Structure formats: C-alpha cells, structure tokens
Protein chains: 2
Amino acid sequence: MIHRYKGETHYLVAVDCIIFGFDGETLKILLIQRGFEPERGKWSLMGGFVKPEESLDEAANRILKKLTGLEGVYLEQLHAFGDPHRDPVERTISIAYFALIDIHKYQKQISEEYHAEWFPLNHIPELIFDHMEMVKLARRQLRYKASLHPILFELLPPKFTIPQLQNLYEGIYDTTFDKRNFSRKVLSTGLLIKQPDKDKSNSKKGAFYYKLDRKKYRANFQAFLRFVPNPDKLIH
Amino acid sequence: MIHRYKGETHYLVAVDCIIFGFDGETLKILLIQRGFEPERGKWSLMGGFVKPEESLDEAANRILKKLTGLEGVYLEQLHAFGDPHRDPVERTISIAYFALIDIHKYQKQISEEYHAEWFPLNHIPELIFDHMEMVKLARRQLRYKASLHPILFELLPPKFTIPQLQNLYEGIYDTTFDKRNFSRKVLSTGLLIKQPDKDKSNSKKGAFYYKLDRKKYRANFQAFLRFVPNPDKLIH
DNA sequence: GCAAAAGTGTTGGGATTACACCCATGG
DNA sequence: CCATGGGTGTAATCCCAACACTTTTGC
C-alpha cells in the first residue's frame with residue numbers, strides 16, 4: 001500500500017441474503033432470529049460483514065453456506081442499500097443478494113443455532129432495519145426475472161413434474177395458467193428431459209418426472225423464454 | 001449511537017458513474033482524466049467517495065451534477081464492485097451507477113477542470129482499476145433494458161424525429177431495422193405526440209418532430225415494449 | 001428534374017390463446 | 001366403478017416480419 005486517501009470516512013460493509021425456497025405449495029424465505037444486539041430476538045435476513053480478503057460475492061457465498069450448508073447454488077447480487085441511518089448503531093452499507101435453493105437440500109440442523117425459520121412470502125414478520133424493503137425488492141426482481149428467463153428451475157429438486165413446475169409459477173405470480181398451454185410452452189423449449197418414472201404422490205395416475213437439460217439451460221439462459229402470459233400485469 | 005460493532009473492518013465506499021450520451025450518430029460515454037494519484041492522467045469514470053450524511057443515490061446525483069451540471073436525469077444503480085484489490089491504494093467498495101443524459105444539455109465548461117471527454121463506446125481508452133468492467137456491464141444492461149422498456153428517450157432532446165430515434169436504436173444494437181415496422185411499433189404505443197414542425201437538417205422533405213408523452217411514459221414504463229426484434233440475439 | 005430521405009399499407013406465417021375430452025389408477 | 005389429477009389436439013386470433021412505392025423539396 002503506497003498511501004491512503006486522506007480525510008475520507010470509512011464504513012462497515014455487509015452482505016444480506018434473501019433466500020428463497022419452494023416447498024411444493026408456497027414460496028418462502030429463510031429468516032433468522034438475531035442473537036445479538038441491537039434488536040436481539042427480532043427477525044432478520046441472514047447477513048454478515050465483509051471480511052478484508054474476500055470479495056462481495058465470496059462474502060455472500062460464505063454467509064449462505066454458513067446458514068444453509070449449501071454451495072454452488074443460484075446467487076445474484078440484487079442491490080446496494082446505503083441510507084446513512086439504516087443501521088442505528090453505525091453506518092453500514094449493505095449489499096443485498098438473493099438466492100434460490102432447493103428447499104429439500106436445506107439442512108435444518110446447521111441452522112438451528114441461528115433459530116432460522118421459513119416464512120411464506122405473504123406472512124413475513126416484522127424485520128429489522130430496512131430488511132423488509134430488501135425482501136420486497138427481491139420478490140419484485142424474482143417475478144421480473146422469472147417472467148423472462150428460466151430461473152425457477154433453481155427452486156426445484158433435480159427431478160420434478162410439470163404440474164409441480166406450474167404450481168411454482170402460479171404461486172409466484174399468484175394466478176393460474178391453462179395447463180395445456182403451459183406444458184406445451186415449457187416442453188417446446190427443449191429444456192426438459194423426460195424420465196421413465198412417475199411421481200405418484202399427488203395422483204393415482206402419476207405424473208412423469210423431468211430433469212433439466214443443464215447444457216441447454218446454460219446455453220439458452222439469456223434467450224427470452226416467456227412461460228408467463230401477460231407478464232406486464234403481474235410483475236408489480 | 002449506542003455502541004459500535006466490535007472488531008469489524010471499515011472500508012471506503014465510492015460511487016462511480018457511467019454517463020451515456022447520444023450525439024445523433026454514436027453512443028458515447030463521458031470520461032475524465034484523473035487529476036490525482038494514483039494513476040494521475042489516466043482515463044477514468046467520474047466517481048467520488050460517499051459522504052457521511054448522504055445515501056448512495058444522493059452521492060451518485062451529487063457526482064453526476066458536479067461533472068455535468070445536470071439534475072433530475074435518469075440515473076440507476078448498476079452493481080456493487082468489491083474485489084479486495086480493485087483499488088491498489090486501499091480497499092474501496094464502489095457502487096456503479098449509470099446515467100442517460102441528453103448530450104446537448106451537457107455543459108462543457110463545467111467539466112473542463114476534470115478534463116472530461118466523450119468517447120464512442122467502441123473506442124474507449126484504457127481505464128483505471130476495474131472501470132472497463134463497469135463500462136462493459138453498463139453497456140450490457142443498457143441493451144438489455146432498452147430491449148424491454150422505453151428508456152432510450154432519455155438520451156434524446158425534448159423534440160426529436162422518428163428517424164433519429166431509429167438511429168439511436170440501431171446504434172445501440174449495432175444493426176439496422178426496417179423503418180416501416182419500426183415507426184409503426186413506436187407510434188402504436190401512443191407514447192409520442194406529433195409536433196406541427198419538422199426537422200429539416202437531414203433531408204429536404206423534413207421529418208416531423210415528436211415529443212414524449214411523459215404521463216404515458218411513466219404509466220407504461222413497466223410494460224414490456226419491444227421496439228427491438230429478436231432481442232435475444234442482440235443483448236450480449 | 002433528380003437525388004435523398006420521409007412516410008405509409010398489405011399480406012403470409014408463426015405464435016398464442018381459448019377451449020374439452022380421454023386416460024390411468026388407487027381407493 | 002368412480003373420483004382425481006395427468007395428459008393431449010384443434011381452431012380462431014393476433015402479432016410480427018417481410019416487402020416497394022409515393023411524397024417532398026433543396027439543389
């Protein structure tokens with residue numbers, strides 16, 4: 001280090017994670033009960049301060065792993081929040097990230113020390129600081145992005161059925177789609193590989209499992225895939 | 001302030017602005033020649049450190065105004081950059097913003113003390129730190145967003161012609177569009193108000209001026225307006 | 001009167017929507 | 001044997017892309 005910039009103020013920099021999961025019924029986020037002051041006992045997003053030798057992405061991955069035990073999951077920077085008084089203790093700039101995980105891979109025991117719990121998106125408790133704002137923005141971004149790109153597969157297990165997928169979309173947009181049109185659209189992308197076996201947990205007939213073709217998924221991610229009719233009206 | 005978080009490292013936090021302008025021919029960004037060490041004399045984005053009592057958005061607006069004299073222009077947070085060694089002097093987290101301005105409103109004299117200059121997007125000089133990365137991301141984001149929402153009006157003067165608008169789109173996507181389809185699409189949104197007078201600088205016949213209907217613009221901003229055919233292939 | 005840019009209309013194909021019936025099976 | 005959810009086909013419509021000629025006027 002040659003020298004330092006003189007006279008400028010330094011701040012704490014944190015990362016907060018909005019972690020989405022889907023249990024087959026509703027879309028949920030993972031919250032923790034703060035174990036330290038201020039606001040001990042209140043609900044909050046999982047977060048942490050950025051360490052001297054890690055990048056922001058690394059910090060987000062570290063924090064996500066600490067709470068869920070998961071690595072290599074979908075994680076995207078959402079927005080930087082920097083209101084001077086957002087944290088009453090001391091000015092902290094927070095970079096919010098949102099993660100999409102397969103809720104079944106989530107290891108409950110790891111997170112018990114944090115008193116973590118899943119909350120349905122329409123029953124979020126009061127949150128500390130500006131975390132509710134972060135959650136709202138993340139939800140908007142998820143709707144927006146999912147209307148254009150096939151990211152919701154990240155919330156499903158490796159094998160899933162088309163009715164499950166449709167349930168997920170319907171849950172996120174709080175609406176219903178025509179199942180014939182939905183399955184035609186989804187299958188026409190060629191992103192899904194049909195499996196020989198069926199999921200019989202929801203019907204006597206059973207629904208075929210599909211797996212995501214990861215190769216085509218990566219190749220076509222940027223392409224606009226519109227599984228969602230009239231997204232304009234739904235993303236707010 | 002009750003107390004402080006113990007044992008955590010503090011960092012400098014900066015804001016850097018990617019300022020886009022359109023001169024009727026090509027899309028350009030505004031760069032400055034650094035007047036201080038390190039890297040004095042090298043080209044760089046306009047930036048500055050976040051002050052104790054301002055939010056990130058306020059910092060970005062302040063910096064934009066300092067360089068261009070403009071207020072109330074389109075300004076959007078792009079991404080936070082936080083590699084531990086992105087600034088060799090001292091760890092600095094930078095929040096990048098991108099701005100779209102009417103290049104004609106830009107006051108050259110204000111910026112002379114910064115040695116500011118406009119550079120066409122395909123002739124950007126070498127930049128300090130990770131600023132080139134920021135520029136590339138901003139360009140991608142501009143293409144992406146402009147393919148879905150009518151933001152490019154922000155780059156044009158209050159009165160403009162449809163051929164001018166088409167030129168702008170063609171410049172940004174480095175391609176050409178059919179003018180009949182283009183003008184039909186643009187006019188069908190109802191966003192434009194035809195003026196009685198013409199711009200005769202580009203042809204003998206002259207092209208009618210239009211003004212943006214700001215009310216409808218705000219109301220329809222979220223709606224997906226696709227002036228750009230096959231955006232999939234163009235946004236990279 | 002001609003060059004150069006502005007402006008406008010039609011048509012065919014592909015995509016999207018709306019809609020209804022049969023299938024498989026566990027109970 | 002029947003209730004439940006899974007799976008599929010078709011027709012009407014809309015949207016979009018492709019395409020060519022007329023208009024205006026400064027020189």
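Predicted model only: the values in this text are computed from it and were never measured. Quick note on labels: first sequence line is chain A, next is B, and so on, each numbered from 1.
One donor-acceptor pair, N or O on each side, does fall under 3.5 Å between the base of C:dA20 and the side chain of A:R180.
Of all nucleotides listed (D:dG6, C:dG7, D:dC19), D:dG6 comes nearest to the side chain of A:P163.
Residue contacts shown for A:N181 include a base, since a base heavy atom lies under 4.0 Å away. Heavy atoms of B:D178 sit under 4.0 angstrom from at least one base atom.
Checked for salt-bridge contact, A:K159 and A:D197 meet the test: a charged N lies under 4.0 Å from a carboxylate O. Using a 4.0 Å cut-off between charged nitrogen and carboxylate oxygen, B:K215 and B:D213 do not count as a salt-bridge pair. Between B:R86 and B:E133 there is no salt bridge, since no side-chain nitrogen of the basic residue lies less than 4.0 Å from a carboxylate oxygen of the acidic one.
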Tabulated below should be each protein N or O lying under 3.5 Å from an N or O of nucleotides 24-27 of chain C; please produce it.
from	atom 1	to	atom 2	distance (Å)
C:dG26	OP1	A:K200	NZ	3.4

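Rounded to whole Å, atom C1' of C:dT16 lies 15 Å from atom CZ of A:F182. Atom CD in A:Q164 sits about 13 Å away from atom C1' in D:dG6, given to the nearest Å. The distance from atom NZ of B:K194 to atom P of C:dA6 is 14 Å, rounded to the nearest whole Å. If you measure from atom NZ of B:K185 to atom C1' of D:dA18, you get 12 Å, rounded to the nearest angstrom. Residue A:F177 contributes atom CZ, which lies 13 Å from atom C1' of C:dT17 at whole-angstrom precision. Taking atom OH of residue B:Y209 and atom P of nucleotide C:dG7, one finds them 12 Å apart after rounding to whole Å. Rounded to an integer number of Å, the gap from CD of A:Q166 to P of D:dG6 is 9 Å. Atom P of nucleotide D:dG6 and atom CG of A:L165 are separated by 13 Å, given to the nearest angstrom.
Here B:K179 does not reach the OP1 or OP2 of C:dT8: none of its side-chain N or O atoms lies under 4.0 Å away.
Along DNA chain C, the nucleotide nearest to A:R184 and the one nearest to B:F208 differ in position, and the one closer to the 5' end is contacted by B:F208.
Side-chain atoms of B:H131 come within 3.5 Å of backbone atoms of B:L45 as a donor-acceptor pair (strictly under, hydrogens ignored).
Ring-plane geometry between B:Y74 and B:F98 is classed as tilted, the angle between the planes lying from 30 to 60 degrees on a 0 to 90 degree scale. Ring geometry for A:Y173 against A:F177 counts as tilted: the plane angle lies between 30° and 60°, on a 0 to 90° scale.
Within 6.0 Å of atom NZ in A:K198, more than 12 heavy atoms from other residues, nucleotides or ligands are found, so the atom counts as buried in its surroundings.
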